[in-house]
Structure formats: structure tokens, C-alpha cells
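I have placed the structure first, in the form of C-alpha cells, so that the comments after it can refer back to it.
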Amino acid sequence: VKFLTTRYRRKTGTMSDLSAASRSSLKSKSKALASKSAIRAISRLRKGSKARMQGDGYDEELWLQQKDPVKPDNQLDLPEEELNQELTRILRAENPHAPDNIVRFSHKEQAYRQMSSVEQCAFHFVLNGTMVHKDSDEARRQLAKNKFKREALKPTEEAQEEATEDKDGTEEPAVDGSPEAGEEAAEAKEAGDEGVDTEQEPETHEMGTGTDEVAEETVDGDKPLRNQFNYSERASQTYNYVMRERGTMTEAAARHNYSANVTQWAMYDAYTADLARQAAAKDNKKKRAQEKDRRPATAKLSIRDTEETASSWASAAKLVELSVAKKMERLASQNTFDDVLQDFRYYDDPSDQFKDAEGSLLPLWRFTYEKARKRTVTCMEWSPHYDDLLYVGYGSYEFAKQLGGLICVYSLKQPSYPEYVVSAPQGIMALSVHPEHPSVLAVGMYNGDVAVYDLTKKEYNTPIVMSSAKTGKHTDPVWQINWHHDDIDGHLNFTSVSSDGRVTSWTVIKTELQHTDIIRLALDHSIEGQQGAEPLFGLGSGTCLAFHATQDRLFLVGTEEGDIHLCSKAYSSKFLGSYNGHSMAVYAVRWSPFHSDVFLSCSADWTVKVWLRGHEQAILTFDLGNAVGDVFWAPYSSTVFAAITTDGNVHFFDLSVSKYEAIAQQQLVKKSKLTHISFNSQYPMLAVGDDRGSTTTMKLSPNLRKALKDKKLKEDGAQQAQLQKVVDSML
């Protein structure tokens, strides 16, 4: 009766409760069997290990006894109190190998300061992997992608399952042909299939608890991403074209021999016919011009000849002279820079009335040239005849960055483009404008050559004269050049100084240069404080040159060793005096234009010094905090001078106001270095060049040019007396 009832419930679809109960019972039985089998396996392993260790005479009691630990001979025997003592150790996140004395330069304080914090993190092992964290955005995108693929594959999987169920659900025929036997066989098969499912279901359920996330993350046949970035692989293959050759054969050109005799009357007839043809062409042009004049105005406007249609800017430019075109360009440029021109003429800093002595500098025009952007402004000089012309030389102080030299002549009336551009084969390191001929320039180059250019020549890019190895050129860069008055025979002459230790005088005779070495900068320093030290002999390296304003035979020479020598053309074997105040190379030396015994010097040792001839020590020293590239006296006051430093600052000094610090300091550039400075002789302004090819003009505020309005200083000897008063106060 029970069998029939079960069969009846199965056919009517009420088999779910029975199947659930049978599955739970089978699950509990399988767990019990698994635990028993595990215990048996462990007991077998223990027995086998004991038998192997004890051999045949195994005693179970000896195995169960507690074994005493084996102590080494050199182990310390500590008492119970020390064993029970607790020792505290504190672990800190500090690297014991990290340095604690790192020093960095503080640009804010202008000094070296010790670092307060040191990096303590130490990396012992670093490995860049391709795994992606499951909580990252890339992992979520992969999970979403895999889930979408599974949902897309569900209909096909369900269809396959239904097909397999239909195939398994077909009843097999009975062996003996009776319907009871067929039913029993079908019942046994279903029970067998159900038993298999119930036995395998717990295992799959238990495995699923640990691998659900893995199953969700990856799908069969899916290619995992290599990393969290988008990765793609592409490859292509092209065909190799087959080489082909093609040749053609042509017929040889026909050749003919021609010969004739020419007589004088034949040539005369040919020239006569040509002259007649030219005269007829002129007559035709005159007739056309007369016909145009006879036409009415409307016809002239409506009818255009071929010559008018062919006219262009080039033909129109032929009708305008070059000087007229330059004037028109200057007018257009003045309209463009009208605001700068108004500031140059009329603007004064209103804040000066609230300051006692301090002032400011107003930037005006900025001269640039496209080909000079990667070059350094190595020299500059205002024209002695034309107050608006500025001569600027371009080169490079670095040996590995020599790009050739340029000379640009800028005008305040046309700041957008230079008036003249002269190209040189080597970097221009020094230039000087002739005091009587403003178109004649003397330049010194990086390779030691000196040359003279004349801007009035048609081909002014070619020098008039140039030195060579045969005519005694310098072997090192020429750092400064100075023109002199013409000699007795009327020849042009100038002086140059170079790193090879020579101060040379050059004379232009027709198309040649003749040189004469005025003096050689000898070294005679000995090492003090050492016994048996011998003096150092050789030639020093000259870096700058300055001739006296009234006594043309006297001049100063600065060297790379930091010395300044007073020399004379009359004595070529020794120095008249030496001033050893700088510890590094001297970049510039300037005589005062108002006092015959006072001069300035600047050096790479960050100092600017004021010297008095006859005193070995400087009377004034200013420390500017950076290497000083150039220094220049003001032409309107004997106590005013300006200096520039490599950090981009312009320092303005007035000794009559302050003998200890600058009355104005202004930063002109941030990412470049200032190289040279020069005052204009007529206007209250100065020009400053940098190492990026730019030249900036700056106007002085009213507090910086008070001397121009002081009538007392315009009297004879007033300027010299003012500077002498400052010098006497420092002695």
C-alpha cells in the first residue's frame, strides 16, 4: 500500500516533500561517513608513524610519556625571577638608517638650513602585479561585464537543459513485455537518478560557498584584462612590393654642322636694324600715353591696361624710397607703442612724494629679435652720437652652445625691429662704437678674432678688416674692446683684452690689422705659509678693461684671479699698481666720469667695491647676495651707479644718500639671468640685457634722478666735490 501511495503521489506531482526529506537524510549520512573515514585515516597515519619510529618493539606507554626538552650546552640558566620578568619593547615607525643631518639651501632666508623632517619610509620589496582589487572600479566593470554575458547565455543553457530532460524522461520498454515490469523498471531508474542527484547536491552546495565570487568574476572563454588600464594588442602585416625594372630606348638627337662667314658690314646692318626696332618701340609707348591723356576721365577709370593690372606691391615699392618707407614704419610703430611713449615722456611715479629717498624703475620698451632668442646678451653700448640708438651684441658664454654671433642696432623710435642686423661667424663677446664715426664698430669674438664693421657699406655683414693667426689674433675669447682717438697718421686704433693674458693694441692700415702687445698679465703670486713654496709664474686671464677719461695712457685690467692692475702704455714690463680685493673673477671695471681717481669694480664673489687710486684696500664694499654681472656709473651724477645680479635684480645706489645699501632694488626677470647694464647719456633711463636675448629699457623715478634738477650740481667742479666729500668721509 505504501509503494502504491508513493507512486501515486509522484504521478500527481506531490513528490517534493518526500524528496526534500530524503535529501536531508542522505546529507547527514554522508557527513557522518566522511567524519568516520577521516578519523580512521588519521589513526592509521599515527599507527604507521609510531611503528616506523619504534620498530617492532613499540611500547605505547613510552610514546605517551612527556619528553624532556633538549638544551644546548651554551644556553644560559636564568633564575625564575628573570624568566618571569616582562621586558617592554616599543616599535616605532622610524628608519634607523635614515640620515638626520640633511642640509638644504633656503632661498627665503638666503642661507643653508638643516631639514626638520626626514623621510622614514623604506621599501624592501616592490613588485608591480597585474591583479585588480575586487573593490576597485575596474573589478566592478569586469563583474558587470561577466554578469551581462551570463544573462545572455541563460536562454541557450535552459534550452539545452530542457532538451536533456526530454531525452531522459522517455520510458524504456520492459524486457519481458509486461506493463508491470516496465513500470517497475521506470520507477527504479527514476529512483536511481534521484539518488545520484541527492548524493551530488551537498558537494556542489558546499563547493559553491567558496567559489561563487570566482564564478561571477570570470566566464569560460573570457580573456582577462592584463591590468587596470585599457590594454590592446594590434598587429598588421603588409605585402612586400616586388622590385621592377623598366628601360626605354630612344633615338639619338640629330646633329648638323653649320658654318658661315661674318663680315663687318653684316654686323653693322644687324646693329642698325636693332636700333631702329628700339626707336619704333619708344614711339609706340609715346602714342599710347598721348591716347590715354585724350580719353575722358570715365574711360580712364573703366579701362585698365595690362600694365596697370600687372602692378603689385613690388612695383609700388620701387616708387618709394627706402628712407621714406622707414619713416612710415616709425610712424606706425609709434602709434602701436603710444602708451609706452607717453610713459617715457610724461609719467612719474606718484609714490615718490611719500618716500624720502627710495625710488623705482619703470619698464618701457623690450627689444627682441627672433634669431637672437637662444643667445645671450654679451655686450651693449649706447651710440655716442645718436641718443636713441642702442648697439647689442649676442653670443654665448658656454663652450658647448656656440651658435654664431649677432649684432643688432635698436632704436627707441622703432622698437619692434632692429635698424641693422649683422651676422658673425663666432659669438660676439665685446663691441665698441667709434667716438667720431658712429657707423664703425669694433667687435671681439669667442674664438679670439677681432674685426671692424662699417654699417654704411652696402654689404655691412662683411667686416672691413679681421684678424687672423698670421696677424696675431688672440687664442682665447676677447672680453672687452675700447676705441681710441686716431693716431698721428690718421689711422683707426683700438685695444682689446683676452683670457690669454694679452692686452693688445690694434691699428687699421688700409685693409690690414697690425697688432702690438701693450702688456702681458704675469702671475707672481707665491703660496704663503708653506716652507719651500715657489712663486707661480705664467700669464693671467684678463676679463675687463677700462681706460682713464683724461689720461689715455692709463688703464685698468681685471683678471679671473680677482686682481685689478693699473697699467700704462709707457711701461709694458710691470704694473703701476695692483688691487687685490676680490676673491673671484672680476667682471667689470669702470672709471668715474667725474673723479679722476675713483673707480668701480664688480665680481662673481657677490660684491661691488669702490676704489681710490693709491689705496690698496677698497673704501666701500657692497654685498649683493649673488654674482654681480655688471656695474655702471650714472652720467648725470657722480655718486650714482647701478649694478645687476644673476638672480634678476637691478640695484640702484646713491652714495650721497646712503653709503651702506641700495636706495632702489627691483626684480626685472625671474627665470633668466641679467648680464649687462648701460645708462643712456641723454635720457634718465638705462638698458638691461639677459641671457635669453632680451633687452629691456627702464625709466628712473623722480627720486632716482634728483641730480638732474639740482642747479648747484651743474656748476663746474660740483660733481667732483660731491664725490670727494663721500670719499673723505670713508677714509
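Nothing fancy with the numbering, it's 1 onward along the sequence. From a predicted model like this one, the values you see are computed outputs, not experimental measurements. When reading the values below, keep in mind they use all heavy atoms of this one structure, side chains included, and skip hydrogens, waters and symmetry mates.
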Discussion item. Go through it in stages, so that I can follow the logic: the residues are R705 and D348, the test is salt bridge (Lys or Arg N to Asp or Glu O under 4.0 Å), and I'd like the CA-CA distance, side-chain angles, deciding distance and then a yes or no.
Written reply: CA-CA 11 Å; R705 47 186 171 91; D348 287 332; 2.4 Å; yes
Has [X] got a side-chain atom pairing as donor or acceptor with [Y]'s backbone, closer than 3.5 angstrom?
| X | Y | value |
| --- | --- | --- |
| R502 | I519 | no |
| D489 | H491 | no |
| D352 | N703 | yes |
| Q719 | Y636 | yes |
| K473 | N447 | yes |

Discussion item. Students often mix this up, so state it plainly: with edges at 30° and 60°, are the rings of Y446 and F399 parallel, tilted or perpendicular?
Written reply: tilted
Worksheet item: In terms of the angle between their ring planes, are F547 and H484 parallel, tilted or perpendicular, with boundaries placed at 30° and 60°?
Response: perpendicular
Consider only side-chain N and O atoms of [X] and [Y], and report whether a donor and an acceptor are under 3.5 Å apart.
| X | Y | result |
| --- | --- | --- |
| S496 | H474 | yes |
| D563 | S578 | no |
| S439 | D454 | yes |
| S467 | W506 | no |

Worksheet entry | Verdict with supporting geometry, S596 and H548, side-chain hydrogen bond (donor to acceptor under 3.5 Å, both in side chains) | CA-CA 8 Å; S596 59; H548 199 275; 4.7 Å; no
Item to complete: Identify which one of F652, F653, Y660 satisfies the ring-ring contact (aromatic ring centres under 6.0 Å, His included) criterion when paired with F622.
Response: F653
Item to complete: Scan Q724, Q722, K725, H595 and name whichever one has a side chain to side chain contact (heavy atoms under 4.5 Å, CB included) with S638.
Response: Q722
Worksheet, complete the sentence: Here the pair of heavy atoms bringing T675 nearest to Y397 is CG2-CE1, 4.4 Å
Without placing hydrogens or testing angles, list every side-chain donor-acceptor pair under 3.5 Å for residues 358-368, not counting sequence neighbours.
| residue | atom | partner | partner atom | Å |
| --- | --- | --- | --- | --- |
| S360 | OG | D349 | OD2 | 2.7 |
| R366 | NH1 | T696 | OG1 | 3.2 |
| R366 | NH2 | S694 | OG | 3.3 |

Worksheet item: Taking the six-membered ring of Y420, is the NZ or CZ of K326 close enough (under 6.0 Å from the centre) and on axis enough (within 45°)?
Response: yes
Discussion item. Looking at D710 and K712, is any side-chain nitrogen of the basic one under 4.0 Å from a carboxylate oxygen of the acidic one?
Written reply: no
Worksheet item: Do D476 and S498 pass the side-chain hydrogen bond (donor to acceptor under 3.5 Å, both in side chains) test, and can you show the C-alpha distance, the side-chain angles, and the key distance before you say yes or no?
Response: CA-CA 6 Å; D476 282 340; S498 173; 5.4 Å; no
